[in-house]
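For the single chain, residues carry numbers from 1 onward in sequence order. Small disclaimer: the values here were computed from a predicted structure and weren't measured.
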Amino acid sequence: MVAGELVQEHLRVDTGAPDDITVDRKSPDLDGAAEFYPRIGLAGAAETNRELEREVQPDEREAMLPNGGGGGGAAEGKLLETKLYRRRFAVLAVFSLYSMVNAFQWIHYSIITNVFTRFYRVSNDKVDWLSVVYMVAYVPLIFPATWLLDRRGLRLTALLGAGLNCAGAWLKCASVHPDLFGVTLSAQIICSVAQVFILGLPSRIASVWFGPRGVSTACATAVLGNQLGTAIGFLLPPLLVPNTPDDLDLTAHNIRIMFYGTAAVSTGLFILTIIVITDRPPLPPSPAQAALPGVPLESYSYKQSIINLIKNRAFVLLLISYGILTGSFYSVSTLLNQIILDCFKNQNQELNAGRIGLTLVVAGMFGSILCGWWLDRTKTYKITTLIVYILSFLGMLAFTFTLDLNNIHVVFVTAGVLGFFMTGYLPLGFEFGVEITYPESEGTSSGLLNAFAQIFGIIFTLIQGRLTTDFGPLVGNIFLSSWILLGVILTALIKSELKRHNVNMRTEGGDRKAVPTECPEECSSENKTNDVKLEPSLSFSRETSL
């Protein structure tokens with residue numbers, strides 16, 4: 001690229017800048033271009049750019065910009081502003097809390113399966129379906145849900161998630177009777193529909209509200225809320241609803257306390273969602289968001305976005321590998337009560353089953369935050385994802401082959417190791433998916449990842465449940481371990497293309513550059529980005545594919 005066509009944009013990033021400082025990015029004229037290359041001059045800059053183009057492959061160098069999306073951009077000669085708002089923390093907190101309650105409602109039946117089978121006079125399989133229904137509902141509804149997120153925005157999607165979660169919680173309060181299993185199943189179906197409008201939002205909230213230095217941590221925190229709900233769902237139900245087989249009225253009373261408490265919390269969070277959550281901040285938080293063109297929503301093609309994602313080979317590999325590991329986590333969580341009670345027969349281990357589940361998820365919460373923090377500082381998405389996947393496989397093997405030792409303390413340790421890596425992988429998959437599919441909608445990529453996780457979760461739960469019932473927990477866990485090993489291989493085959501990071505990239509001195517391009521009328525809309533083509537800086541070192 002010749003120097004006469006180069007226009008540099010300068011952005012000085014101050015690591016200590018407060019949240020509410022606005023950063024204006026202006027395009028200087030050509031006469032000032034040499035100041036960005038004080039040592040090599042314009043001729044040297046042109047030569048360096050030519051060397052960079054030879055070094056970096058086109059698909060990793062160029063960020064394909066979208067047909068549609070949010071955020072503002074900047075035409076040539078206009079300001080390209082970014083700003084971080086303190087409101088982002090409130091948005092993240094409210095979302096994390098109502099996601100937590102939804103996850104609690106997913107698992108609070110399964111962890112005390114034996115109590116609900118006696119109370120409703122049904123089999124274990126029917127109680128398992130109270131968890132599986134979350135996965136079944138997600139698969140057909142994810143496409144309309146992500147379409148709604150892309151067309152109508154974050155606020156409406158969040159309101160639907162929090163509102164349906166609240167409605168399902170209140171309906172459960174009317175189902176506390178041995179003959180009303182159908183009512184509690186209907187309430188759980190409503191909660192499972194709410195989940196469709198929740199699970200795909202972490203990466204959207206992180207991208208729309210948080211800057212490059214905090215986007216992965218924000219995504220991990222949003223996922224953390226769901227994990228915390230699962231942890232509470234393991235811990236509280238055995239305490240609130242202890243096993244009292246000889247006193248059905250006491251069991252009903254305890255269940256009623258749990259259901260009414262959940263409904264009250266859900267109502268308060270629904271009100272907070274109405275007050276706090278909005279579609280996006282007035283100004284974008286990052287150059288990657290600012291670079292997205294402001295195309296009217298009616299021009300956005302959801303179908304084309306899906307086609308683009310399916311054609312992305314790296315994303316397809318991630319879909320399958322993410323589905324395998326996350327589906328395995330869903331299966332283990334759903335069947336944990338049955339696994340522990342089967343391995344520790346003639347012992348009252350309901351409380352310990354819940355505590356083991358709590359250990360598994362709490363360890364995963366630390367893993368999520370640590371992985372998000374690491375990604376924000378290193379951007380090594382591929383190698384981090386692969387290492388965590390391998391360690392999840394080893395953790396699954398350790399959990400599987402220590403169950404027969406008849407030592408509950410060892411099971412606590414191995415469950416913690418398994419949870420740290422398996423649950424910690426969840427935000428890694430989200431963020432890696434956003435990176436390799438940018439600038440496609442974060443909601444669409446996350447929605448597809450979750451859809452595959454639910455599909456694998458349904459299959460794994462049903463098969464592992466049958467294997468556990470017929471042959472014991474060892475066979476069921478070996479079945480899962482074999483699939484996780486396949487996921488390791490698929491993850492190793494993923495080519496790392498950090499497209500969003502390319503746009504957010506800085507030079508060693510903290511500078512960014514944007515190169516204006518002339519796009520003729522016949523140029524396809526996907527190559528137009530408000531007349532600005534973002535190129536990687538000289539300090540870019542692309543991540544190596546294994």
Side-chain angles (χ1 to χ4, degrees), residues 103-104 107-115 124 128 131 224 227-245 325 328-371 387-426 460-461 464-465 467-469 471-482 484-485:
F104 173 82
I107 204 66
H108 67 175
Y109 290 106
S110 296
I111 198 58
I112 48 174
T113 298
N114 56 322
V115 174
N124 284 348
D128 288 345
S131 171
L224 186 78
Q227 297 171 359
L228 180 60
T230 304
I232 296 174
F234 282 127
L235 176 65
L236 285 186
L239 296 175
L240 297 175
V241 190
N243 188 16
T244 54
L325 191 59
S328 298
F329 168 72
Y330 291 159
S331 182
V332 170
S333 299
T334 301
L335 301 173
L336 187 60
N337 175 272
Q338 298 171 47
I339 292 172
I340 298 302
L341 294 184
D342 188 273
C343 291
F344 295 89
K345 294 182 176 70
N346 302 322
Q347 301 180 43
N348 187 17
Q349 296 289 353
E350 288 90 355
L351 280 176
N352 275 335
R355 290 166 182 165
I356 290 170
L358 175 68
T359 302
L360 188 146
V361 178
V362 170
M365 291 164 57
F366 286 105
S368 295
I369 292 298
L370 181 61
C371 289
I387 290 174
V388 171
Y389 214 120
I390 292 173
L391 293 174
S392 297
F393 170 67
L394 297 177
M396 188 67 197
L397 290 179
F399 178 74
T400 299
F401 292 104
T402 56
L403 286 172
D404 290 336
L405 297 180
N406 201 32
N407 189 329
I408 195 69
H409 301 293
V410 174
V411 177
F412 270 95
V413 174
T414 56
V417 173
L418 176 64
F420 183 87
F421 295 111
M422 184 178 280
T423 318
Y425 171 82
L426 301 181
F460 289 167
T461 300
Q464 187 190 12
L467 292 174
T468 300
T469 300
F471 304 104
L474 179 65
V475 176
N477 286 346
I478 291 176
F479 165 78
L480 283 189
S481 300
S482 301
I484 295 173
L485 179 60

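The two atoms that bring Ala231 and Leu358 nearest to each other are O-CD1, 3.4 Å, heavy atoms only. Nearest heavy atoms, Gln227 versus Met365: OE1-CA, 3.3 Å. Summarising the geometry of Leu418 relative to Gly395, their closest heavy-atom pair is CD1-C, 3.8 Å, with the distance given to 0.1 Å. Contact detail for Val241 and Ile112: the closest heavy-atom pair is CB-CD1, 3.9 Å. Closest of all the heavy-atom pairs between Thr400 and Ser481 is OG1-OG, 3.9 Å. In plain terms, the two heavy atoms of Pro238 and Ile111 that are nearest each other are CD-CG2, 4.1 Å.
With contacts defined as side-chain heavy-atom distances shorter than 4.5 Å, the pair Ser131/Tyr330 does not qualify. Contact of the Ser328 side chain with the Met396 side chain is not registered, since no non-hydrogen atoms from C-beta on lie closer than 4.5 Å. A heavy-atom distance below 4.5 Å is not found between the side chains of Thr402 and Val413. For the pair Leu360/Phe329, a side-chain contact is recorded, criterion being any heavy-atom separation below 4.5 Å from C-beta on. Looking at Ile356 and Ile408, their side chains come closer than 4.5 Å, going by heavy atoms from C-beta outward.
Across Thr469, Asn114, Asp128, a single residue satisfies side-chain hydrogen bond (donor to acceptor under 3.5 Å, both in side chains) together with Gln338, and that is Asp128.
Within the model, atoms OG1 of Thr230 and CG of Leu235 stand 12.5 Å from one another, a figure rounded to the nearest 0.5 Å. Atom CG in Leu474 sits 11.0 Å away from atom CG in Leu467 (nearest 0.5 Å). Distance check, rounded to the nearest 0.5 Å: CZ of Phe420 to CG of Leu391 gives 9.0 Å. Interatomic distance, Ser392 OG to Leu397 CG, rounded to the nearest 0.5 Å: 11.0 Å. We find the CG-CG distance between Asp342 and Leu335 to be 11.0 Å, quoted to the nearest 0.5 Å. Taking CD1 from Ile484 and CE from Met422, the interatomic distance works out to 4.0 Å, rounded to the nearest 0.5 Å.
Note on residues 390-415: no pairs pass ring pair (Phe, Tyr, Trp, His ring centres under 6.0 Å), not counting sequence neighbours.
Partners of Tyr389 by ring-ring contact (aromatic ring centres under 6.0 Å, His included), not counting sequence neighbours, listed by chain and number: Tyr425.
Within the 3.5 Å criterion, the main-chain N or O of Ser110 finds a donor-acceptor partner in the side chain of Thr113.
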